[in-house]
Amino acid sequence: MSGKLRPVGSRVPLPTSSVMSLPWERYYVAEYTASGTDALAMAVSIAVAGNNRVEQPEVIIPGYGCPDLVAAILALDATPVLVDLLPDTPFMDDTLVRKSITDATVAVVGVGFLGIPERLSLLAEICREKSIFLIEDSAQCFPPFSTEKPLADLVVLSFGRGKPINLMGGGALLYRKNFSGEFRDVLLQFPKLPQPIGWRWYLKRFIFNLLLTRYGFWILEKLPFMDVGRTRFNELKSISRLDLSLSLLYAGIRDYWFRPLPHQRYTRELQFLEQQGWQLLDTRTFGEFGLADSSPRIRFGVLAPDMVTRNKVWEALNSSGIGANALYEVALPYIDGVDQTLIGTDFPVAHDFASRLLTLPCHCDVTDSDITRVVDVLKGESAV
Ligand SMILES: *Cc1c(COP(=O)(O)O)cnc(C)c1O
């Protein structure tokens with residue numbers, strides 16, 4: 001076997017001298033942040049400031065997703081309120097969203113999942129009715145849905161590892177051009193970190209990209225202390241803005257649009273799975289919700305008929321050198337380090353989604369023969 005194909009992650013670009021317009025410039029202004037989590041925490045702090053009568057503010061998030069959502073909310077001493085999903089989708093059940101809104105709710109976070117934006121029109125309607133903030137978490141989708149249709153009050157982007165544009169960290173909070181100065185002042189209270197692009201940065205980039213290669217990743221996965229691919233809850237201890245290098249951001253966006261689109265071949269060649277009770281998270285199902293066929297994906301998601309079949313295929317793909325994985329593996333409350341007493345554990349649909357999801361690599365180094373191998377393994381192992 002010649003190394004291992006990593007599950008996710010685009011290579012880090014070199015800064016470019018060209019200048020380009022940014023996809024959100026029409027409706028939004030960006031404040032760059034130390035990470036996507038920092039951007040989300042800032043979004044929550046604005047929502048809290050906008051509802052300043054509330055004693056113990058609450059923020060609504062999906063019951064399946066990144067534990068950083070919880071960390072960002074707790075960092076502001078607000079309470080995360082989890083909502084279960086609609087079956088076989090990453091979407092929050094909107095009936096439950098309505099039911100979860102109380103006098104203390106300050107915001108709903110619509111979280112995009114592997115390129116599929118949340119149903120923001122629907123959520124915007126609910127939020128407008130209740131006079132609370134709609135935050136679009138677009139860490140996994142680029143460009144954010146709101147850049148086309150400015151439905152969200154605030155939009156969160158991440159430039160971390162495993163995200164559409166990997167700049168080895170950083171993020172952005174987008175706010176509307178007509179946003180009140182009062183809310184801008186909330187942002188300015190957060191310290192701004194420098195981002196020097198010197199020899200240390202170039203060395204870090206070199207090592208980072210080396211670890212993305214097949215041999216690099218194969219070694220990385222063998223190191224027990226690295227715990228590769230494991231999601232853990234990490235407390236957010238400080239919230240900072242970042243003096244992001246725009247030359248780096250421009251390079252990241254340019255490279256993003258030049259990436260190959262392996263998801264198109266997966267979509268065509270994995271249709272047979274649907275006769276066996278699988279479901280593809282592809283444009284046939286989610287195109288109408290804003291999943292774009294022409295945008296590169298970070299991962300291609302499929303739902304197995306059950307957990308046993310998912311685990312069997314997961315193992316088979318990994319033994320043939322393909323870094324398929326199950327992303328978070330469990331519903332949000334069950335992720336290592338998350339305080340269940342705070343958020344409850346009764347999210348059966350999120351639990352079901354987590355137990356059947358498998359993600360296939362979709363990054364710039366996935367070759368035609370990798371896809372052929374994925375399809376062959378699935379043909380052999382996908383039956384229940
Ligand atoms: C990764 C991620 C974040 C956090 O972004 P970081 O830059 O890693 O802090 C937030 N929300 C979602 C949906 C994510 O996938």
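The shown structure was predicted, so the numbers you read here are calculated from the model rather than taken from an experiment. Residues take their numbers from the sequence shown, with the count starting at 1. Whatever order the structure lists ligands and atoms in, that order sets their numbers, starting from 1. Side-chain atoms are counted along with the backbone in the values below, which use heavy atoms only and exclude waters and symmetry mates.
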My understanding is that only residues two or more places apart in sequence, or in another chain, count here; which of them pass salt bridge (Lys or Arg N to Asp or Glu O under 4.0 Å) with D282? none
Pair D368 + R265, salt bridge at N-O below 4.0 Å: yes
Residues in contact with ligand 1, criterion: heavy atom under 4.0 Å: S35, G36, T37, C66, D68, V111, D137, A139, Q140, S158, K163, Y328
Test: ring-ring contact (aromatic ring centres under 6.0 Å, His included). Region: residues 348-384. Which pairs qualify, not counting sequence neighbours? Y64-F353, F113-F353, Y334-H351
May I ask you to list the residues sharing a hydrophobic cluster with V375, side-chain cutoff 4.5 Å, ordered by chain and number? L5, Y266, L270, F272, L273, W278, L280, F300, V302, V313, W314, L317, I322, L358, L360, V366, I371, V374, V377, L378
Derivation and outcome, salt bridge (charged side-chain N to carboxylate O under 4.0 Å, His left out), residues R356 and D88: CA-CA 9 Å; R356 294 192 292 125; D88 301 333; 2.4 Å; yes
Do R11 and T213 get their side chains close enough for a donor-acceptor pair, meaning under 3.5 Å? no
